[in-house]
Visitor: 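Sharing a structure, written as structure tokens. Questions coming.
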2 protein chains.
Amino acid sequence: MNATSKRDRILDAAEALFAARGFDGVTLRQIATAANVDVALANYHFGKKLALFEAVFKRRATELNEARLLALREACAEAAPAAPSVEAIVEAFLRPLEMAQETGDEGWANYLTLIAYINNSAYWGSRMMSELFDELVGEFIAALKFALPHSSDEAIYWCFQNLSGALTLTFARTGRIDKLSGGLCKSTDLRMACDHMIPFVVAGFERVCNSR
Amino acid sequence: MNATSKRDRILDAAEALFAARGFDGVTLRQIATAANVDVALANYHFGKKLALFEAVFKRRATELNEARLLALREACAEAAPAAPSVEAIVEAFLRPLEMAQETGDEGWANYLTLIAYINNSAYWGSRMMSELFDELVGEFIAALKFALPHSSDEAIYWCFQNLSGALTLTFARTGRIDKLSGGLCKSTDLRMACDHMIPFVVAGFERVCNSR
DNA sequence: TTGCGTCTTCAACAGTTGTTGAATACGATG
DNA sequence: CATCGTATTCAACAACTGTTGAAGACGCAA
């Protein structure tokens, strides 16, 4: 019924389940059942449970990073030799995520939820995010420093943390905003979230990073 | 060596461990060991593991909510009959958290990290946050609508989500900003985080919620 | 066919999990 | 003292965990 290989089915099932319940909240048997596969097969392809977790996390990282980096380079090139606007930088950071969603691929949505889980986790956060995303984030921070030359570095890092937090909670798709708004806002609607997040974040950067 | 009751020691240990590793990442035996207590005692006082988890989560909720609500009421009273400023509302939401930290009580810091874990979790998020915090959040949203009369409700909810996300990631204390900034910013410094978060968030609200 | 490397299944392992019920200690009340 | 309710410990349960090694199935080359 499913055309993909068993190896990919394991990755997909693990992606969905790890995103929903976290590393410790999921058993290999649950993953195997969801993937319609024998328990031992996960071990054959990926080794230990932790290695499977990392494989899921790494699978889509490079594709995502490349799309973001490309968008940033374009924004910088358009504005050169001047600095790009903060808005252009933030757009480059966020818009590629919508494309990921617009493919209609539920896997991408699960992946973003997994990122939210890891990035917000006291245990996994610094352990796993740095390796795959710090280089990219460094480029964005450099661009922001260029766009906000009067700002202290400290202010830029804190503002970026605010951006990262807003994004992370949106990725998590907890459904809380759906309840709070009485159904007016849907936490699965990444496009609407970004449409409101971008001007919000840009205004924050401009106010905090221009006054010192 | 510890003057507190065993029941409280269990709560404290569970708070710290659940915050660090999540519900499924912690065993009752780890909690019992950390609290220097027998395994079965947790079951005697709290029943099932899930009930202990909820007890930890509820323990400090009312105190936190009351402090926030008091701050909001004061801000509203000062401005009455006009609406309070967005800044005053956001301050009322965030400043009580610093007081929690300034007591030097490590338990409060752990509790806030636990909130971050729950609020950002796809599984626990809407399940547990609503019951304890929705009433309070409703009051803050009402105040924000009053302070931003030209805004659509939709915009206010999305902006509040951004605020909530920024706050959540800061609570999580993942140490990632420490690495990114090369030690310039410390994720344990809640006061510095709030000092940058408040103007950031206020600027976001004002821009997004005044243009429609 | 035979062989061979890769993929997949099966059965089982030792260790750990949450949870329980009986037994024991404690501390106040009578 | 004895009594009683609460608090705590002890030992053990059945269920489930990640992981493993051997056995089987598959596809392809010779």
Side-chain angles (χ1 to χ4, degrees), chain A residues 1-59 107 110 114 117-118 121-124 127-128, chain B residues 1-59 107 110 114 117-118 121-124 127-128:
Chain A
M1 68 177 69
N2 206 331
T4 56
S5 75
K6 296 197 175 187
R7 198 189 122 101
D8 286 340
R9 293 217 307 266
I10 293 175
L11 284 169
D12 290 338
E15 188 173 59
L17 288 169
F18 281 143
R21 301 298 311 264
F23 179 77
D24 301 293
V26 176
T27 73
L28 290 173
R29 284 173 173 82
Q30 289 174 328
I31 294 172
T33 300
N36 201 23
V37 146
D38 189 87
V39 203
L41 196 57
N43 236 275
Y44 170 74
H45 282 297
F46 302 100
K48 306 210 175 291
K49 182 185 182 185
L50 179 59
L52 170 60
F53 187 64
E54 291 172 337
V56 170
F57 187 52
K58 285 181 185 173
R59 178 166 61 149
N110 292 334
L114 181 66
Y117 165 75
I118 292 175
S121 157
Y123 182 73
W124 303 106
R127 232 181 213 80
M128 294 187 61
Chain B
M1 64 177 70
N2 205 332
T4 56
S5 74
K6 296 197 175 188
R7 198 190 122 100
D8 286 340
R9 293 216 310 266
I10 293 175
L11 284 170
D12 289 339
E15 187 174 58
L17 288 169
F18 281 143
R21 300 299 311 267
F23 178 78
D24 302 291
V26 176
T27 72
L28 290 172
R29 283 173 173 81
Q30 288 173 329
I31 294 172
T33 300
N36 201 24
V37 144
D38 188 84
V39 204
L41 196 56
N43 235 274
Y44 170 75
H45 282 297
F46 302 99
K48 306 212 175 292
K49 183 185 182 185
L50 179 60
L52 169 61
F53 187 64
E54 291 171 336
V56 171
F57 187 52
K58 285 182 185 173
R59 177 166 60 148
N110 291 335
L114 181 66
Y117 164 76
I118 291 175
S121 158
Y123 182 72
W124 304 107
R127 231 181 215 78
M128 294 186 60

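Quick caveat, the model's predicted, so the values are computed rather than measured.
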Visitor: Are any of B:K48's side-chain N or O atoms less than 4.0 Å away from OP1 or OP2 of C:dT20?
Guide: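 Indeed, a polar side-chain atom of B:K48 lies that close.
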Visitor: Could you tell me how far apart B:D24 (CG) and D:dC16 (P) are, to the nearest whole angstrom?
Guide: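 The distance from CG of B:D24 to P of D:dC16 comes to 15 Å, rounded to the nearest Å.
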Visitor: For the side chain of B:R29, counting heavy atoms from C-beta on, which of C:dC10, C:dT19, D:dT17 is nearest?
Guide: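 The listed nucleotide nearest to B:R29's side chain is C:dT19.
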Visitor: Using whole Å, report how far CG of B:D8 lies from P of D:dT8.
Guide: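 Taking CG of B:D8 and P of D:dT8, I get 11 Å after rounding.
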Visitor: Has B:R9 got a side-chain atom pairing as donor or acceptor with B:A35's backbone, closer than 3.5 angstrom?
Guide: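 Yes.
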Visitor: Rounded to the Å, how far apart are A:F46 CZ and D:dT19 P?
Guide: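 Rounded to the whole Å, the gap is 14 Å.
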Visitor: Rounded to the nearest 0.5 Å, how far does CG of A:N36 lie from CD1 of A:I10?
Guide: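 CG of A:N36 is found 11.0 Å from CD1 of A:I10.
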Visitor: Taking only nitrogen or oxygen atoms into account, show me every contact under 3.5 Å that the protein makes with nucleotides 4-7 of chain D, one pair per line with its distance.
Guide:
{"residue": "D:dA7", "atom": "OP2", "partner": "B:Y44", "partner atom": "OH", "Å": "2.9"}

Visitor: Can you identify which nucleotide, out of C:dC10, D:dC10, D:dT17, has its nearest atom closest to the B:D38 side chain?
Guide: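 Of the options given, the side chain of B:D38 lies nearest D:dC10.
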Visitor: Nearest to the side chain of B:L28 - C:dT19, D:dT19, D:dT17?
Guide: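 Out of C:dT19, D:dT19, D:dT17, the nucleotide with an atom closest to B:L28's side chain is C:dT19.
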Visitor: Among C:dT9, C:dG21, D:dG18, which nucleotide has an atom closest to any side-chain atom of B:A40?
Guide: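 Minimum distance to the B:A40 side chain belongs to C:dG21.
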Visitor: Quick one: is D:dT20 close enough that its OP1 or OP2 comes under 4.0 Å of any side-chain N or O from A:N43?
Guide: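 Indeed, a polar side-chain atom of A:N43 lies that close.
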Visitor: I'd like to know if B:R7 and B:D12 make a salt bridge, using a cut-off of under 4.0 Å between side-chain N and carboxylate O.
Guide: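 Salt bridge absent between B:R7 and B:D12.
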Visitor: Tell me the closest heavy-atom pair linking A:V39 and A:A32, and the distance in Å.
Guide: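 Shortest heavy-atom separation between A:V39 and A:A32 comes out as CA-CB, 3.8 Å.
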Visitor: Rounded to the nearest angstrom, tell me the gap between atom CG in B:L50 and atom P in C:dG18.
Guide: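 After rounding, the reported distance stands at 12 Å.
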Visitor: With a 3.5 Å distance limit and no angle check, can you tell me whether B:T33 reaches the backbone of B:R29 through a side-chain donor-acceptor pair?
Guide: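 The answer is yes, because a donor-acceptor pair under 3.5 Å joins these two groups.
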Visitor: Can A:F18 and A:F53 be said to form a ring-ring contact (aromatic ring centres under 6.0 Å, His included), step by step?
Guide: CA-CA 8 Å; A:F18 281 143; A:F53 187 64; 4.9 Å; yes
Visitor: Should the pair A:R127 and A:Y123 be classed as cation-pi, given the thresholds of under 6.0 Å to the six-membered ring centre and 45° from the axis?
Guide: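 Cation-pi check for A:R127 and A:Y123: passes.
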Visitor: Rounded to whole angstroms, how far apart are CD1 on B:I31 and P on C:dT17?
Guide: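 To the nearest whole Å, that distance equals 11 Å.
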